[in-house]
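Computed from a prediction, not measured in an experiment: that's the story for all the values here. Numbered from 1 within each chain, the chains take letters A, B, ... in sequence-line order.
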Number of protein chains: 2
Amino acid sequence: MDQEIEKTQTKSEIYDEILLAALKLFAEKGYFNTSLTDIVEAAEIKTTSVLYHHFKNKQMIATVLYENIFDSLNVSVDDIRRKNQKSSDQLRGIVDLLFRLTDEASYVMQFLLILKIDEFLPEQKPVLETAAFIKIIKIIQAGINAGEIRNIDPKLCYAYFFGIINSTLRLVLTGAVDKSADTYLSSTWLTAWNAIAKK
Amino acid sequence: MDQEIEKTQTKSEIYDEILLAALKLFAEKGYFNTSLTDIVEAAEIKTTSVLYHHFKNKQMIATVLYENIFDSLNVSVDDIRRKNQKSSDQLRGIVDLLFRLTDEASYVMQFLLILKIDEFLPEQKPVLETAAFIKIIKIIQAGINAGEIRNIDPKLCYAYFFGIINSTLRLVLTGAVDKSADTYLSSTWLTAWNAIAKK
DNA sequence: GTCTATACGCCGATAGAC
DNA sequence: GTCTATCGGCGTATAGAC
C-alpha cells in the first residue's frame, strides 16, 4: 500500500521507525503522556538529535501521522467508490475496511477513533471535514437520492450508521470485548444498515 | 440537584468555583492544555495557593469532577429504574436525560463523551465499569430476558444503542450541527431502539 | 548525520510570612 | 486562609564539535 515510493525519495528507514514508534505510543498513552525520550527509545535511535534531524518538532510528527492516515483513508474511499455503484455497496466496502484496520492496524484505528486529535493538532481539520469523510457524506446523500436510504439529514444519518460501527470498533480497540472485530462484522453491518435503510 | 448539601458541610463557594472553572476548561481545551494558572484565572481567585488549599493537586480536581459526574449519573439511573418497569422505558429515560444534559450541561456531557478520561485519570475505572454503566448493561440484559430486546451480547447491544445516541450527541457537542440535541431526540430514540428491539 | 552537552521555559508544587 | 516568593523537574529544543 505504501509501495509506490521510488527508491530515490525514500525518506530513510529511521523516518519510518520514528513515525511507527510515535503512532504506537500516542495510541497507547496519548500524545501528552508521550515524551520525545519515549519516542527515541521506542524507535531505537540514540538521541533526540536524530529525531530533530527528521522532524521539526514533536507536533510535526503527529501532523505527518495525521496526514498519512487521512490521505490513505481518502485513497481507499476513492477506490471503494470506483469499484461499487450502489451506496449500500460503497458503505459496505468502507465498513469492511474499518473492521479490517481494527484487527490488522489497531494503532491506526485508535488514532482515528480514540484519540482526541484536536487537542494536540488544533489547526488540523476536524475529522468530518477531511476529504475522506466529506466523500462518505456524499455517498450517504447519493443513497438518499437513489431511494436506498431514508430521507434524513445526511449528518444525522452518518451519526446513526457510523455510531453503530464506531462504537462497536471502540469496544474491540479498548479491550471491552475480547474477540476480534471481524467476529462482529456481519451482525454490526446489518444493524447499521438497517438503521438508515429505507424500508 | 445539588441542594441536598447541609449548610454546615458546604465546601465553600470557592471550592465549587474551582471545580466549575476546571470542568469548563477541561471540556474546552483538554486536561493537558489547561494549566493551574488557567483555572486560577477562570475561577477568579488570586493565586495557586488558594487552589492548593482546596485540592491536593491538579489530578485531584479532575478526580472530584469524575466522581461527581459519575455519582450523579448513577443516582439518576437508579431513579429512572425505580420509576419505570420496562427496559424500553428505562432506556428512554436515560436517553431523555443524556439529551437534556447535552443541551443544559454541555460541559458535563463533554467530560463524559468527548474527553479521553483514562489519559489523565489512568487509575479510574473505564466508563463501562462504573456503577451507572453496569446498571445500564443490566437494563439491557433484563430487556433481552423479557423478550423486548433481541438476543445478542449485551455489550454489543450497548454499542449499537448508545453508539447511535452518543454519536448524535457528539455532533451537537462538537458543533458539527447547529441545532439543539432536543431537536433530534425523537428521531434518534426511534432509530436506536429499533436497532436493538425484537421485531 | 550523529554525538555530547546544555539551555530554557513552563508548570506543578511548596515554604513561610502574615 | 491568603499572600509573595521561589523551587525543582521535566520535556522540548538547540549549539556546536566531530
Seminar exercise, completed: Of the candidates D:dT2, D:dA13, C:dA13, the side chain of B:N57 sits closest to C:dA13
Exercise. Which listed nucleotide (C:dT2, C:dG12, C:dT4) is nearest to the side chain of A:I14?
Worked result: C:dT2
Problem set entry | Flag, side chain of A:D103 to backbone of A:D182, donor-acceptor distance under 3.5 Å | yes
Exercise. Between A:S106 (side chain) and A:T102 (backbone), is there a donor-acceptor pair under 3.5 Å?
Worked result: no
Atom-pair distance ([atom1] on [X]; [atom2] on [N]), nearest Å:
X: B:F32; N: C:dG12; atom1: CZ; atom2: P; value: 11 Å
X: A:L51; N: D:dT14; atom1: CG; atom2: C1'; value: 14 Å
X: B:I18; N: D:dG1; atom1: CD1; atom2: P; value: 12 Å
X: A:K56; N: D:dT12; atom1: NZ; atom2: P; value: 14 Å
X: B:K58; N: C:dC11; atom1: NZ; atom2: P; value: 9 Å
X: B:I61; N: C:dC11; atom1: CD1; atom2: C1'; value: 13 Å
X: A:F55; N: D:dT12; atom1: CZ; atom2: P; value: 15 Å
X: A:F120; N: D:dG11; atom1: CZ; atom2: P; value: 18 Å

For this session: Check DNA chain C against residues 35-48 of chain A and give the residues with a non-hydrogen atom under 4.0 Å, in numerical order.
Result: A:K46, A:T47
For this session: Before accepting this row, confirm whether a basic side-chain N of the pair B:K83/B:D79 lies closer than 4.0 Å to the acidic partner's carboxylate O.
Result: yes
Exercise. Does a salt bridge link B:R92 with B:D96, judged by any charged N lying under 4.0 Å from a carboxylate O?
Worked result: yes
Exercise. Does A:H53 or A:S49 map to a spot on DNA chain C nearer the 5' end, using the closest nucleotide for each?
Worked result: A:H53
Exercise. Is there a donor-acceptor contact under 3.5 Å linking the side chains of B:E119 and A:Y31?
Worked result: no
Problem set entry | Derivation and outcome, side-chain contact (heavy atoms from CB on, under 4.5 Å), residues B:I39 and B:F55 | CA-CA 12 Å; B:I39 298 175; B:F55 297 91; over 6 Å; no
For this session: Under the ring-ring contact (aromatic ring centres under 6.0 Å, His included) rule, collect the residues that match up with A:Y66, sequence neighbours excluded.
Result: A:F70
